[in-house]
Novice: 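The structure is given below, and queries will be raised subsequently.
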Amino acid sequence: QVQLVESGGGLVQAGGSLRLSCAASGTIFNVNAMAWYRQAPGKQRELVAAIISGGSTNYADSVKGRFTISRDNAKNTVYLQMNGLKPEDTAVYYCYADLQIGFWKSSKADYWGQGTQVTVSS
């Protein structure tokens, strides 16, 4: 079975930086896309950044220019470098992966990590 394990959350002052990591393990034939979502208290989960198999990236307007998503294909790991953090970035950050888990490309499934807390103090 596939697992996503996240790390790197914590408490940081406004203007600081954090780097989140998410490693996918298990039987994986291909990584179609990986992404980071976040959910603040009382709010819906929202997409922060995504990276697809070809390397294209997509960011929420609120994080453009401050956050960078990247991927290590050999390690099936995705990173989120967060610079210039603001109190409004405080949330639980979730890793998401769209994975091919069988020989056929149609054998795909979505996975979520357990979440990691990011708290930005003012």
Side-chain angles (χ1 to χ4, degrees):
Q1 59 274 27
V2 174
Q3 263 191 318
L4 300 183
V5 178
E6 301 155 348
S7 61
L11 172 64
V12 65
Q13 288 188 332
S17 298
L18 284 174
R19 188 190 194 211
L20 305 183
S21 300
C22 172
S25 62
T27 303
I28 300 169
F29 281 68
N30 191 40
V31 176
N32 296 320
M34 295 187 81
W36 290 96
Y37 285 74
R38 67 186 180 187
Q39 188 166 18
K43 294 189 176 181
Q44 289 189 330
R45 190 172 296 189
E46 63 174 356
L47 175 68
V48 176
I51 184 166
I52 64 173
S53 59
S56 297
T57 57
N58 185 40
Y59 295 93
D61 288 342
S62 59
V63 307
K64 282 180 181 176
R66 299 188 298 122
F67 292 9
T68 302
I69 189 169
S70 61
R71 197 173 78 189
D72 184 332
N73 292 329
K75 296 181 180 179
N76 287 335
T77 298
V78 66
Y79 306 95
L80 185 68
Q81 178 67 43
M82 304 185 292
N83 299 328
L85 282 160
K86 304 176 181 180
E88 50 264 43
D89 294 319
T90 296
V92 177
Y93 283 69
Y94 296 91
C95 177
Y96 162 86
D98 173 359
L99 305 175
Q100 181 184 337
I101 56 173
F103 178 79
W104 305 107
K105 288 189 176 181
S106 57
S107 299
K108 60 194 297 290
D110 298 336
Y111 295 89
W112 291 91
Q114 78 282 3
T116 184
Q117 177 70 45
V118 171
T119 303
V120 185
S121 63
S122 57

Novice: Should we say atom CD of Gln114 is surrounded by more than 12 heavy atoms from elsewhere, each under 6.0 Å from it?
Specialist: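 Result for CD/Gln114: enclosed.
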
Novice: Taking all heavy atoms of Leu4 and all of Cys22, pick out the closest pair and write down the distance.
Specialist: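 Scanning both residues, the minimum pair turns out to be CB-SG, 3.9 Å.
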
Novice: Roughly how far, to the nearest 0.5 Å, is the CG atom of Leu18 from the CG atom of Asn83?
Specialist: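 Result: 9.5 Å between the selected atoms.
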
Novice: When you measure from the side chain of Glu6 to the backbone N and O of Gly115, does any donor-acceptor pair fall under 3.5 Å?
Specialist: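 Looks like yes, one N/O pair under 3.5 Å.
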
Novice: Of all heavy-atom pairs between Ala91 and Ala40, which one has the smallest distance, and what is that distance?
Specialist: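 Looks like CB-N, 3.8 Å.
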
Novice: Would you check if Tyr79 and Thr68 make a side-chain contact, meaning some heavy-atom pair closer than 4.5 Å?
Specialist: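 No. Closest side-chain heavy atoms not under 4.5 Å.
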
Novice: Would Val92 end up clustered with Leu20 when hydrophobic side chains under 4.5 Å apart are linked, directly or stepwise?
Specialist: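 Result: no, two separate clusters.
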
Novice: Taking all non-hydrogen atoms of both residues into account, name the closest pair between Pro87 and Ala14 and its distance.
Specialist: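 Shortest heavy-atom contact: CD-CB, 4.1 Å.
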
Novice: For Gln117 and Leu11, what are the C-alpha separation, side-chain angles and deciding distance, and is it a side chain to side chain contact (heavy atoms under 4.5 Å, CB included)?
Specialist: CA-CA 8 Å; Gln117 177 70 45; Leu11 172 64; over 6 Å; no

Novice: State, to 0.1 Å, how close Leu80 and Val48 come at their nearest heavy-atom pair, and which atoms those are.
Specialist: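 Smallest heavy-atom distance, with atoms named: CD2-CG1, 4.2 Å.
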
Novice: Answer yes if Ile52 and Phe29 sit in the same cluster of Ile, Leu, Val, Met, Phe, Trp and Tyr residues linked by side chain heavy atoms under 4.5 Å apart, and no otherwise.
Specialist: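 Cluster IDs for Ile52 and Phe29 differ.
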
Novice: Tell me whether the rings of Tyr93 and Phe67 are parallel (<30°), tilted (30 to 60°) or perpendicular (>60°).
Specialist: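 Aromatic pair Tyr93/Phe67 classed tilted.
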
Novice: State, with a plain yes or no, whether a side-chain heavy atom of Val31 is found less than 4.5 Å away from one of Val78.
Specialist: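 Val31 does not reach Val78 side chain to side chain.
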
Novice: Under a 4.0 Å threshold between the charged nitrogen and the carboxylate oxygen, would Lys86 count as salt-bridged to Asp89?
Specialist: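 No salt bridge links Asp89 with Lys86.
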
Novice: Testing the basics here: between Arg71 and Met34, what is the closest heavy-atom pair and its distance to 0.1 Å?
Specialist: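 In terms of heavy atoms, the two residues are closest at CD-SD, 4.1 Å.
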
Novice: Take Asn32 and Ser53 through the side chain to side chain donor-acceptor pair (under 3.5 Å) test and state the conclusion after the steps.
Specialist: CA-CA 5 Å; Asn32 296 320; Ser53 59; 5.6 Å; no

Novice: Do Ser107 side-chain atoms and Gln100 backbone N/O form a donor-acceptor pair below 3.5 Å?
Specialist: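 It does not hold such a pair.
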
Novice: Once side chain to side chain contact (heavy atoms under 4.5 Å, CB included) is applied, do any residues pair with Arg45, and if so which ones, sequence neighbours excluded?
Specialist: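 Result, side chain to side chain contact (heavy atoms under 4.5 Å, CB included) vs Arg45: Tyr37, Gln39, Tyr94, Trp112.
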
Novice: Hey, is NZ on Lys108 packed in by over 12 heavy atoms from elsewhere, all under 6.0 Å?
Specialist: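 Yes, because the 6.0 Å sphere around NZ of Lys108 holds more than 12 heavy atoms from other groups.
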
Novice: For Ile28 and Asn76, work out which heavy atoms get closest and say how close.
Specialist: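 That would be CD1-ND2, 3.8 Å.
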
Novice: For a 4.5 angstrom cut-off between non-hydrogen side-chain atoms, does Val63 reach Arg38?
Specialist: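 SC-SC contact between Val63 and Arg38 confirmed.
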
Novice: Quick one: are Ile101 and Tyr111 in side-chain contact, heavy atoms under 4.5 Å?
Specialist: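 A side-chain contact under 4.5 Å exists here.
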
Novice: I'd like to know if the side chain of Tyr59 reaches the main chain of Ile69, judged simply by a donor and an acceptor atom lying under 3.5 Å from each other, with no hydrogens or angles considered.
Specialist: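 Judged by distance alone, yes, a pair lies under 3.5 Å.
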
